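First up is the structure itself, then whatever we jot down about it.
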Amino acid sequence: MNRLLALLFHQGVLDEQFLQLQQLQDESSPNFVSEVVNIYFQESEKLLRNLRSLLMDREFSDYKKMGVHLNQFIGSSSSIGAKRVRNVCVAFRVASEQNNRLGCLRALELLEHEYCYLKNKLHELFQIEQQRLLAAAVRYPVQQH
């Protein structure tokens, strides 16, 4: 396990679900983890936009709709092992269940921060992995017969 991945586990950013996702990757699907994570990023950004637009509406009162978005976010974050993002979503959901607008705004800010940190670190992790694979390919070129 490389240092960055170890750090992300130590910080609680990722959990063992991420390792399970990595175990599904093999020669037949060498980009499996990055593809799954990129789908997660696309969906998460939609969910973040929806949550922000709900909270920015002055007439906002649909906490149930917010809960639906948060449940989706919790599920997808759990499935890739994004532990801190999931935990912030759980706290956000508690604030929404209490119809606590200020708590929701604070949770959204924290969620956006945690999400950006996760996204930046996973992109960094994938770049390191790509460089490692390219270096291995240069060192051990495939022999053509």
Side-chain angles (χ1 to χ4, degrees), residues 1-57 60 62-97 100-145:
M1 183 173 356
N2 73 43
R3 276 193 216 127
L4 177 57
L5 192 56
L7 175 68
L8 295 175
F9 275 93
H10 179 73
Q11 293 174 334
V13 173
L14 296 174
D15 64 21
E16 62 282 344
Q17 185 62 37
F18 187 79
L19 294 177
Q20 291 177 8
L21 194 62
Q22 285 185 314
Q23 289 172 354
L24 297 173
Q25 183 167 293
D26 59 19
E27 293 82 32
S28 66
S29 56
N31 299 318
F32 178 76
V33 175
S34 64
E35 289 169 4
V36 169
V37 168
N38 282 323
I39 292 168
Y40 167 79
F41 289 149
Q42 291 167 5
E43 292 304 309
S44 296
E45 291 185 19
K46 282 185 221 165
L47 291 168
L48 283 168
R49 276 193 306 275
N50 291 341
L51 290 166
R52 177 160 290 289
S53 69
L54 280 172
L55 278 170
M56 293 302 117
D57 181 357
F60 173 71
D62 194 353
Y63 287 94
K64 288 218 182 310
K65 188 173 190 178
M66 183 173 288
V68 169
H69 293 314
L70 288 167
N71 285 337
Q72 288 176 308
F73 217 153
I74 290 167
S76 61
S77 296
S78 293
S79 72
I80 69 151
K83 182 179 177 182
R84 277 194 350 205
V85 169
R86 184 189 61 79
N87 290 347
V88 172
C89 286
V90 170
F92 194 158
R93 186 175 60 192
V94 169
S96 75
E97 288 167 352
N100 178 349
R101 186 186 179 107
L102 185 58
C104 287
L105 286 166
R106 285 188 188 129
L108 177 62
E109 191 174 309
L110 183 57
L111 179 57
E112 289 173 332
H113 170 79
E114 287 296 338
Y115 172 77
C116 284
Y117 184 78
L118 173 73
K119 187 174 182 180
N120 288 336
K121 292 301 175 186
L122 287 180
H123 278 307
E124 192 178 328
L125 188 68
F126 295 146
Q127 284 179 326
I128 291 168
E129 182 63 17
Q130 284 299 111
Q131 289 168 355
R132 190 186 66 73
L133 291 172
L134 288 172
V138 169
R139 261 185 261 132
Y140 309 106
V142 176
Q143 299 294 318
Q144 298 292 330
H145 295 286

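Worth saying up front: this structure is predicted, and the values here are computed from it rather than measured. All residue numbers in this chain count up from 1 along the given sequence.
Considering only heavy atoms from C-beta on, S53 stays 4.5 Å or farther from M56 through its side chain. No side-chain heavy atom of F126 sits under 4.5 Å from any side-chain heavy atom of N31. Taking 4.5 Å as the limit, some side-chain heavy atom of L118 sits within range of a side-chain heavy atom of Y40. Side-chain contact check for V33 versus Q23: every heavy-atom pair is 4.5 Å or farther apart. Contact check for E43 versus S76: no side-chain heavy atoms found under the 4.5 Å cut-off.
Judged by distance alone, with hydrogens and angles left aside, the side-chain atoms of S78 form a donor-acceptor pair with the main-chain N or O of I74 at under 3.5 Å. Side-chain N or O atoms of N2 include one that pairs as donor or acceptor with a backbone N or O of L5 at under 3.5 Å.
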Begin with the C-alpha distance, continue with both residues' side-chain angles, and end with the deciding distance and a verdict on side chain to side chain contact (heavy atoms under 4.5 Å, CB included) for L21 and F32.
-> CA-CA 8 Å; L21 194 62; F32 178 76; 3.8 Å; yes
From CA spacing to verdict: side chain to side chain contact (heavy atoms under 4.5 Å, CB included), R52, R49 = CA-CA 5 Å; R52 177 160 290 289; R49 276 193 306 275; 5.9 Å; no
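With sequence neighbours excluded, no residue forms a salt bridge (Lys or Arg N to Asp or Glu O under 4.0 Å) with R106. Not a single salt bridge (Lys or Arg N to Asp or Glu O under 4.0 Å) links E109 to another residue, sequence neighbours left out. Annotation: salt bridge (Lys or Arg N to Asp or Glu O under 4.0 Å) contacts of E35 (sequence neighbours excluded): none.
Ring geometry for Y117 against H113 counts as parallel: the plane angle stays under 30°, on a 0 to 90° scale with 60° as the upper cut. Classification of the F41-Y115 ring pair by plane angle, with boundaries at 30° and 60°, yields perpendicular.
The salt bridge (charged side-chain N to carboxylate O under 4.0 Å, His left out) contacts involving residues 7-23 comprise nothing, where partners must be two or more places apart or lie in separate chains. Under the salt bridge (charged side-chain N to carboxylate O under 4.0 Å, His left out) criterion, the residue pairs touching residues 119-129 are E45-K119, K121-E124, E129-R132, with sequence neighbours excluded. Residue pairs meeting the salt bridge (charged side-chain N to carboxylate O under 4.0 Å, His left out) criterion with at least one partner in residues 76-92, sequence neighbours excluded, are R84-E114.
Nearest approach of L111 to F73, heavy atoms of both residues: CD2-CE1, 3.7 Å. What you find for M66 and S96 is that their closest heavy atoms are SD-CB, 3.9 Å. The shortest heavy-atom contact between G103 and A95 is C-CB, 3.9 Å. Between L14 and F9, the closest heavy-atom pair is O-CD2, 3.6 Å.
Annotation: the span from N50 atom CG to H69 atom NE2 amounts to 4.0 Å, rounded to 0.5 Å. Interatomic distance, L7 CG to R3 CZ, rounded to the nearest 0.5 Å: 11.0 Å. To the nearest 0.5 Å, atoms CG (L54) and CG (L108) are separated by 10.0 Å. With rounding to the nearest 0.5 Å, the separation of CG in L48 from NZ in K46 is 12.5 Å. We find the CD-CG distance between Q130 and L125 to be 11.0 Å, quoted to the nearest 0.5 Å. Rounding to the nearest 0.5 Å places CD of E97 at 10.0 Å from SG of C104.
Checked options L47, L51, V88, V94; the residue passing with L70 is L51 (criterion: side chain to side chain contact (heavy atoms under 4.5 Å, CB included)).
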